[in-house]
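Please read the structure below before turning to the comments.
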Amino acid sequence: MNHQLELRNVTKAFNTEEGKMGALEGISLVVKPKEFLCIIGPSGCGKTTLLRLIAGLDYPSSGEIILDGKEVKGPSPDRGMVFQEFSLFPWRTVLKNVEFGLEIKGMKDKARKELAERYIELVGLKGFENCYPYELSGGMKQRVAIARALATEPAILLMDEPFGSVDAQTRNILQEELLEIWKRTKKTILFVTHSVDEAVYLADRVAVMSARPGCLIKCLSIDIPRPRKRTSVEVNEFREQLLMLLSLERSKACISV
Amino acid sequence: MREKKGLHFLKRRGIIEIIGISTVVVIWQLVASFIVKKTYLLPSPYEVFFAFYTVREVIPIDIYISLLHFGIGLGAGTAVGITLGALMGGFKLVDRAMDPIMEILRAIPPIAWIPFAIIWLKLTHYSAGFVVFVGAIFPILINTYTGFKSVDKIYIDAAKVLGCKKGMSLIKSVVLPYSLPYIAAGTRIGMGIGWMCVVAAEMFGASGRVGLGWRLWNRFYALHMMDKLVAYMIIIGLIALLLDRVFRYFVEETTLKWRKGMVAA
């Protein structure tokens, strides 16, 4: 299977007290298999909404989301998701959290444990299997969340600003680790962020969104070979381009408000 | 903070507690023997101690019977309370239909149910159990309801993305474990109220001639044996304390270990 994700003219509006509020406007996008795509945009532009639509946690008002030739209708473990907030089940240990999706699948105890342990090792948390989430740091929690999302072996990993609430140094480490995991598991990754640095460091391609209602204004291929240096000239050039696009969007947003 | 060296031994566990209890007992003894001087107005600790000895033969059977009443009521209260609370928390329609009925029933003191307990269930263990049930069910029901209502959406979303589809599997894997601390807190409150109800129901003879409450009222009070009555009051209090401690130990230390790092205490 080549796991291709396609968005066709996806629109989403929410009903509010002041009437319909457009969140997303005519988004069309093809995500190639094994691609690392970052979505970036000013805050409130609907990045998270877009990811929730792809996850199947919300439904588009119009348009279609197609994965492997089938329309997305509701959540499914073929699209793993890592949330911005800490989403580990606090009543389960690290191991039991990672096993959750496998339990639902009905996998046998032993196979389940082995598989979960493999993913815990992959995110570098061997030895923490029996800890409860409250015993972990923010960065560790998100690593477990990644392991949990990967354990059900999804075609696509959706990540909604997963490193937004960890400190800058941990964030750099987590980014490097994520790239390593991506290389080893060969997943397609859709990564929402508001950080230009993060997008340029991680992505094959960066999709820039406009202010609300969000639509895609530009797709930028980041053709810098990996491993990338955060301070190299090429990286800085891309950062400058993205920052300019975003500041243009921000000023537009101000006018429309 | 600096402290005087001489008082340092007070910091040891248990010392302060023992001093506290002893002080109360000594004051009680002094008041009883030098000020009140009448056993039926205030039996002294010394007399109460002997009362324990004279009634030692009936204590175990009374405790056993009262615990039986308590167990029947709490068992039924937990089962029905959790089920109804879950239904009301899970389904808006059930919630709206049941809420006013529950609010009215909740306002009736459990003791007011004693006449019907006796008429419906005769003088059996079940009739005292029924009063306990009425006392215990509401805190359990309301806490279960609150627990079900306050599940963070993020956990539901996370479970859905991981493949939880049907309502039942969401409830089993997410809502119930999330609500467990709420249910436990409700059960703890329900146990306290239930134990009071046992004593009251037995006093009214809801279950015939047995139980701590029955003996306290119909034997010791009726015959003005106030020393024995105080002895039974102490037993009733100690059992309530013990039940609470045992519950806390088993539930909070084992089942709810994950809560430890999340709450202030």
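Naming: A, B, ... by sequence-line order, numbering from 1 per chain. Worth saying up front: this structure is predicted, and the values here are computed from it rather than measured.
- Few gaps surround NZ on B:K149; more than 12 heavy atoms of other groups in view lie less than 6.0 Å from it.
- Looking at B:K153, only its side chain comes within 4.5 Å of chain A, counting heavy atoms on both sides.
- Of the listed residues (B:D152, B:V174, B:L180), the one with the most heavy-atom contacts under 4.5 Å to chain A is B:V174.
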Test A:K96 against A:R112 for side chain to side chain contact (heavy atoms under 4.5 Å, CB included), laying out the working first. CA-CA 10 Å; A:K96 291 283 163 196; A:R112 199 168 74 201; 4.2 Å; yes

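- Most heavy-atom pairs under 4.5 Å with chain B, from the set A:L88, A:V82, A:L102: that is A:L88.
- Between A:K113 and A:E99, no side-chain nitrogen of the basic residue sits less than 4.0 Å from a carboxylate oxygen of the acidic one, so the salt-bridge criterion is not met.
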Just distance, no hydrogens or angles: give the donor-acceptor pairs under 3.5 Å from side chains in residues 68-94 of chain B, sequence neighbours left out.
unit_1 : atom_1 : unit_2 : atom_2 : d
B:H69  : ND1    : B:E202 : OE2    : 2.7
B:H69  : NE2    : B:H125 : ND1    : 2.8
B:T78  : OG1    : B:L74  : O      : 2.5
B:T83  : OG1    : B:A79  : O      : 2.5

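- Among the candidates B:P181, B:S173, B:S169, the residue making the largest number of heavy-atom pairs closer than 4.5 Å to chain A is B:S173.
- For the set A:F86, A:W91, A:F89, A:Y132, the count of heavy-atom pairs under 4.5 angstrom toward chain B peaks at A:W91.
- Proximity to chain B (any heavy atom under 4.5 Å) is shown, for A:R148, by both the backbone and the side chain.
- Between A:E103 and A:K105, none of the side-chain N atoms (NZ, or NE/NH1/NH2) sits under 4.0 Å from a carboxylate O, so this pair counts as no salt bridge.
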